[in-house]
Amino acid sequence: MELRFYNTLTNTTEVFHPVHADCVRMYSCGPTVYDFAHIGNFRSFLFADVIRRTLEFFGHRVHHVMNITDVGHMTDDASADGGGEDKMQAAARRMKEDKKSGKVPEGAVQNPDDPYQIARYYTDAFLEDARTLGVKVASEYPENILHATQNIDAMLEMISQLIANGHAYVGPDGVVYYSVESFPAYGRLSGNTLDRLMTGAGGRISDENQANKRHPADFMLWKADSSHIMKWDSPWGAGYPGWHIECSCMARKRLGKDVIDIHTGGEDLIFPHHECEIAQTCGATGQETFARFWMHARFLLVEGEKMSKSKGNFYTVRDVLQGRVKDDKGQPTGVSVHPAVLRLELIKSHYRGNMNFTHKGLIDSAGAVKRLHDFRARLEAATGGQAEAVDLNYPILKDFAAALADDLNIAGALGVILPWAASTPTDPAAALGALNRMNEVLAIAPLQSAGAGQAGANDEQAEVQDLCRQLDDARKRKDFAAADSLRGQIQKRGYDVKTSPAGTIAEKRLA
RNA sequence: GGGGCGGUAGCCAAGUGGCUAAGGCAACGGAUUGCAAAUCCGUCACGCGAGGGUUCGACUCCCUCUCGCCCCUCCA
């Protein structure tokens, strides 16, 4: 089956073929570790994970690499002129407050003034969240998730190469800049060619720094700055690298080729970040192409609005899992969310459309996850867990595959799997085999990783079971007022109550 | 001003020139139940942002308009 992906570089949907036969090489822009990653970040990471799993589903070997941006960049004009406060310093300030207020556990970060400790803290949190949500590459840390701060040598090497090739220069301010005019293809990815760029339209460029550059769009590769919170020796003075150079270097270094297959990120990264990556990599390698396919996920809205801390609709992964999502009355639900539910919620709509994250959507996703879990349980009961291997010609699997092959049509794939999961397949062993294969991509039934936030579950279960026994007693006595009250108590704790002649069972709601 | 992406029922979301416009949730009717939940059966867009055009025929192609989102040196 032919795989087709939409390519930002050409603005068309193209048939995918790997550049090199041995495996597919893909690189995903990962998180900055100055704070917890939020669900919008994770939409993008999960999007990359679905690409990777889809490729594997179709039999490709995939080498997936992601970066961790742990260099402190400036809050203003990070790549252009390095003005403003450093993000690591801002994080340190916040961290001290959080330590005081107890938000950061005692001992988690010994010294907030050490940027490496802050980076470590948020890196660990990111990896934990990513594993919880089934992001495959997170289980390949550290070999396939690279820290910018551990790859400074590669950056210095590439910068030297760029200077030697005439693509970079040292400005009067001592800063090494990339010369966009030396790279005719600049603007091809984003459409922001030099003649069309409206300099300063974003309102974030200061004039004094622009004066040092040959062209207003030239961007920083290295800045000597002895006062910077993180700095390294270089031929251009002790300082720190520009924002874009880390991805160019780490992709090339870890994937081992000058031309890779797929590069992913959020839509905001198209310009300038990815445009600059292309200029750097191609400038250094002399190749015409850096990544064959550039794929971008659109933004996530929360309840129809941009996510922002001031609007109170800003959620991290742990906020959602621990029941801090607000319901339609604006109150946190207090009901913990199963990781598979959040994973499904963040992958279920097409990546090229905006996604609206809502409490209602989360409940919907919980229903779908539950149906798939129940379906699996039925198939396992019928087969003793013995699945029969099936190939892509198996009817349901074929339709599922066709949807995925068509530019990752997850919603279409769910349209195939959900009605099937309500049916009773004539051959449960083959059906279980098919479900297993589909779950290689979806990873929701089950989600392989152990769920986070399940601590204390045993105590609660025992209490709930006790309430169920009391409820059964009350029903036997025909004391229905007491029975209804007990049922209400169990439901309040986030359980569904199932009554049957065999006795009452409470099932934890997934969201 | 420039470069892109999207607008399908109450909500989420497929389809993309031609059978009656997938699927899920919600809702409603029924079976079941002490009443519920769960489950099962059934109902649920004469319509695809608006208006034109092409066509025997368009949600699907073309044009205009409109709304939303991203970017034009913080950003997933």
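In what follows, chains carry the letters A, B, and so on, assigned in the order in which the sequence lines appear, proteins first and then strands, with residues in each chain numbered from 1.
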Winner on side-chain proximity to A/Asn356, out of B/rC12, B/rA14, B/rC72, is B/rC12
Heavy-atom donor-acceptor pair, A/Thr499 side-chain to B/rA36 base, under 3.5 Å = yes
Scan for side-chain hydrogen bond (donor to acceptor under 3.5 Å, both in side chains) pairs involving residues 179-189 of chain A, sequence neighbours excluded, and state none if there are none.
-> A/His167-A/Ser182
Using the C1' atoms only, state how far B/rC46 lies from B/rC19, rounded to an integer number of Å.
-> 16 Å
Determine the interatomic distance between C1' on B/rG7 and the same-named atom on B/rA50; round to the nearest Å.
-> 12 Å
Identify each atom pair where a protein N or O and an N or O of nucleotides 26-32 of chain B are less than 3.5 Å apart, giving names and distance.
none

Any donor-acceptor N/O pair, A/Asp407 side chain to A/Phe5 backbone, under 3.5 Å | no
C1'-based separation of B/rG49 from B/rC67 [nearest Å] | 7 Å
Taking only the side-chain nitrogens and oxygens of A/Arg352, find out if one of them lies under 4.0 Å from OP1 or OP2 of B/rG6.
-> yes
Which pair of non-hydrogen atoms, one from A/Glu275 and one from A/Ala185, has the smallest distance, and what is that distance?
-> OE2-O, 4.1 Å
P atoms of B/rG29 and B/rA37, separation to the nearest Å = 12 Å
Using side-chain hydrogen bond (donor to acceptor under 3.5 Å, both in side chains) as the criterion, point out the one residue from A/His147, A/Glu246, A/Lys87 that pairs with A/Thr69.
-> A/Glu246
When the ring centroid of A/Phe36 is compared with that of A/Tyr315, is the distance short of 6.0 Å?
-> no
Please confirm whether A/Tyr177 and A/Phe219 have ring centers closer than 6.0 angstrom.
-> no
Output the single nucleotide from B/rC5, B/rG34, B/rA37 whose closest atom is nearest the side chain of A/Arg298.
-> B/rC5
Among the nucleotides B/rC72, B/rC70, B/rG4, whichever has the atom closest to the side chain of A/Tyr6 is B/rG4
Would you call A/Glu463-A/Arg493 a salt bridge at under 4.0 Å N-O?
-> yes
Contact class for A/Leu269 (heavy atom, under 4.0 Å): base, sugar-phosphate, or nothing?
-> sugar-phosphate
Enter syn or anti for the glycosidic conformation of B/rG47, syn applying to angles within 90° of 0.
-> syn
C1' gap between B/rC5 and B/rA27, integer Å = 33 Å
Start at the 5' end of RNA chain B and walk down; is the nucleotide closest to A/Gly304 or to A/Met355 reached first?
-> A/Met355
Pairing partner of B/rU43 (Watson-Crick or G-U wobble, both distances under 3.5 Å) = B/rA27
Among the nucleotides B/rA76, B/rC35, B/rA37, whichever has the atom closest to the side chain of A/Leu300 is B/rA76
Between P of B/rC71 and CG of A/Leu189, the distance in whole Å | 15 Å
If you look at every strand shown and take non-hydrogen atoms under 4.0 Å, does A/Phe480 touch a base, only sugar-phosphate, or nothing?
-> base
Using the C1' atom in both, what is the distance from B/rA76 to B/rC69, to the nearest Å?
-> 14 Å
What integer number of Å spans the P atoms of B/rA45 and B/rA22?
-> 10 Å
As its Watson-Crick or G-U partner within any shown strand, both distances under 3.5 Å, B/rC5 has B/rG68
Considering only atom P, compute the distance from B/rU60 to B/rG6 and round it to an integer number of Å.
-> 15 Å
If B/rG51 has a Watson-Crick or G-U wobble mate with both distances under 3.5 Å, name it; if not, just say none.
-> B/rC63
What nucleic acid atoms does A/His273 come within less than 4.0 Å of, heavy atoms only: base, sugar-phosphate, or nothing?
-> nothing
Proximity to the side chain of A/Asn192 - top-ranked nucleotide from B/rA76, B/rC71, B/rC69 | B/rC71
Of residues 370-381 of chain A, the positions that come close to RNA chain B - non-hydrogen atoms, cut-off under 4.0 Å | A/Arg371
What is the pairing partner of B/rA58, taking Watson-Crick or G-U wobble pairs with both distances under 3.5 Å in any strand?
-> none
A/Asp484 bridged to A/Arg487 by N-O distance under 4.0 Å = yes
Scanning both residues in full, the closest heavy-atom pair of A/His64 with A/Val137 reads O-CG2, 3.5 Å
Could you check whether A/Gly40 gets within reach of a base, just the sugar-phosphate, or nothing at all, counting any heavy atom under 4.0 Å?
-> base
For atom CD1 of A/Ile347 and atom P of B/rA13, their distance in whole Å | 14 Å
What residues in residues 398-423 of chain A put a non-hydrogen atom under 4.0 Å from any atom of RNA chain B?
-> A/Asp406, A/Asn409, A/Ala411, A/Gly412, A/Gly415, A/Leu418, A/Pro419
Hey, mind stepping through A/His274 and A/Thr8 against side chain to side chain contact (heavy atoms under 4.5 Å, CB included) and telling me if it holds?
-> CA-CA 11 Å; A/His274 289 165; A/Thr8 308; over 6 Å; no
A/Thr149: what forms a side chain to side chain donor-acceptor pair (under 3.5 Å) with it, not counting sequence neighbours?
-> A/Asp70
What nucleic acid atoms does A/Tyr351 come within less than 4.0 Å of, heavy atoms only: base, sugar-phosphate, or nothing?
-> nothing
So what's B/rA38 paired with, Watson-Crick or G-U wobble, going by both distances under 3.5 Å?
-> none
Quick one: sort the A/His296 and A/Trp294 rings into parallel, tilted or perpendicular, breaks at 30° and 60°.
-> parallel
Atom CG of A/Asp268 to atom P of B/rA76: distance rounded to whole Å?
-> 7 Å
Given that A/Met307 and A/Val497 both sit by RNA chain B, which one's nearest nucleotide is further toward the 5' end?
-> A/Val497
Please identify each residue that fulfils side-chain contact (heavy atoms from CB on, under 4.5 Å) with A/Ala405, with sequence neighbours left out.
-> A/Met1, A/Leu3, A/Phe58
Under the 3.5 Å rule, do the base of B/rC35 and the side chain of A/Arg487 count as making a donor-acceptor pair?
-> yes
Least distance between heavy atoms, A/Gln280 atom then A/Met158 atom | O-SD, 4.3 Å
Between A/Phe299 and B/rA76, do the rings stack, that is, sit under 5.5 Å apart with planes less than 30° off each other?
-> yes
Does NZ belonging to A/Lys231 count more than 12 external heavy atoms closer than 6.0 Å?
-> yes
Just call it for A/Asp484: base, sugar-phosphate, or nothing, with non-hydrogen atoms closer than 4.0 Å on any strand.
-> base
Touch class at under 4.0 angstrom, heavy-atom based, for A/Lys478 against every strand present = nothing
